[in-house]
Amino acid sequence: MKLLKANDDLVDLPFFEANKSFNDNDPLLEEFPEQSKQLINEGFAILDLVHSDEIFETINKKIDEKIFKGNPKLNPKYYHYNDNPRVIEAWRDIKEIVDLARDKKVLRFLNLVYKKKPIPFSTINFIKSTEQPLHSDYMHFSSKPERFLTGVWFALEDIHIDSGPLQVIPKSHRLPITTLEELSHKIPKNTKQLKENYTEYEEHVRNVVKKNKLSSKKVTIKKNQCLIWSANLLHGGTPIVNQSLTRKSLVVHYHYDGCTYYNPGFSKLSEGIIAERRIEEITY
Ligand SMILES: O=C(O)CCC(=O)C(=O)O
Ligand SMILES: [Fe+2]
């Protein structure tokens, strides 16, 4: 598989993304021996958490109330691949989501891996599979220096194999970052053009996976576990086999202190166009 490109701004990348080894006495290796290895080599890691059952019951109840009785804030329609809602930024109303986004173990792990303070800044809640095609979240949330982005997918119930679990492509985090110019795209002028670009990007990802003969892995983690993926790891929601099954989960995205954040869908770095993004830290 083709690894990082020369122009992938190797300077100042997160340590593990630049293929540098951690010192033997680095607290990361002492505190998280398995998970650090997994993240470095495979691009994702699974952490066990220690919350009470109550927190999951409360979040699931409040999300149901938002969806069925309230007026939930959703991702735009063009980022939905079925009728299942993607509820965004529910942390503003549901304190227990902040508890998960600021989970001490998750923050400690990310801090040790990236050597910068993690900043949770976005949440999405799901009750069923999105069936979203493979993609990297770095196509949505980019940073300078590059690759200071992590996604954490919290299982809010035990995930059933037939519910359309999340899939990941192990080792795909090592692939070069895909950019608008690489796909010969223009900066979109409206959401229709944005969607067209994105659909081509999804096709590009399918081809990359095929060409590199990469395989996919379904993630059936349990309540009180979370899956952590690095910036460029390909992942998506698999098709639902049994429509009666839910797949309650929460994604939190983290950037890191002291970086610049930008939206790559509206940026062209070769022309010096960077669509900077302000982020708001998720706190109480
Ligand atoms: O949970 C899923 O099906 C995919 C979610 C996802 O990829 C995301 O929100 O970034
Ligand atoms: Fe994603």
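One-based numbering, in listed order, for ligands and for the atoms of each.
- Under the 4.0 Å criterion applied to side-chain N and carboxylate O atoms, E203 and R206 are assigned as salt-bridge partners.
- Residue, atom and distance of the protein heavy atom nearest to atom 5 (C) of ligand 1 are F126 CZ, 3.6 Å.
- At a cut-off of 2.8 Å, H140 does not coordinate the Fe ion (ligand 2) through any N, O or S atom.
- Residue contacts with ligand 1: D137 is placed with a nitrogen or oxygen under 3.5 Å of a nitrogen or oxygen of the ligand (distance criterion only).
- Ligand 1 has no N or O atom lying under 3.5 Å from any N or O atom of E131, backbone or side chain.
- The pair E280-R92 meets the salt-bridge criterion, with a side-chain N (NZ, NE, NH1 or NH2) lying under 4.0 Å from an Asp/Glu carboxylate O.
- Every atom of ligand 1 with a heavy atom of G237 under 4.0 Å away is listed here by number and element: 3 (O).
- The Fe ion (ligand 2) lies at the vertex of an angle of 90° between the NE2 atom of H135 and the NE2 atom of H235 (rounded to 10°).
- Test V152, L156, V106 against L100 for side-chain contact (heavy atoms from CB on, under 4.5 Å) and you get one pass: L156.
- No donor-acceptor pair under 3.5 Å is formed between the side chain of H185 and the backbone N or O of E181.
- Within the 6.0 Å centre-distance limit, the rings of H140 and Y198 are counted as a close aromatic pair.
- For S249, no nitrogen or oxygen atom sits less than 3.5 Å from a nitrogen or oxygen atom of ligand 1, counting backbone and side chain alike.
- Proximity to I124 (heavy-atom distance under 4.0 Å) selects the following atoms of ligand 1: 9 (O).
- Among heteroatoms of the N, O or S kind in D137, OD1 lies nearest the Fe ion (ligand 2).
- In this structure, F141 has its ring center closer than 6.0 angstrom to the ring center of F121.
- At least one N/O-N/O distance between T130 and ligand 1 falls below 3.5 Å.
- Taking all heavy atoms of Q132, R247, Q167, H235 into account, the minimum distance to atom 2 (C) of ligand 1 is reached by R247.
- Annotation for ligand 1: atoms under 4.0 Å from non-hydrogen atoms of L166 are 1 (O), 2 (C), 4 (C).
- Side-chain atoms of T150 and Y256 form a donor-acceptor pair, as typed in the model, at a separation below 3.5 Å.
- Checked against a 6.0 Å centroid threshold, the rings of F15 and F22 count as neighbours.
- For atom 8 (C) of ligand 1, the closest non-hydrogen atom on the protein side is R86 NH2, 4.0 Å.
- No side-chain donor-acceptor contact under 3.5 Å links R247 to the backbone of H160.
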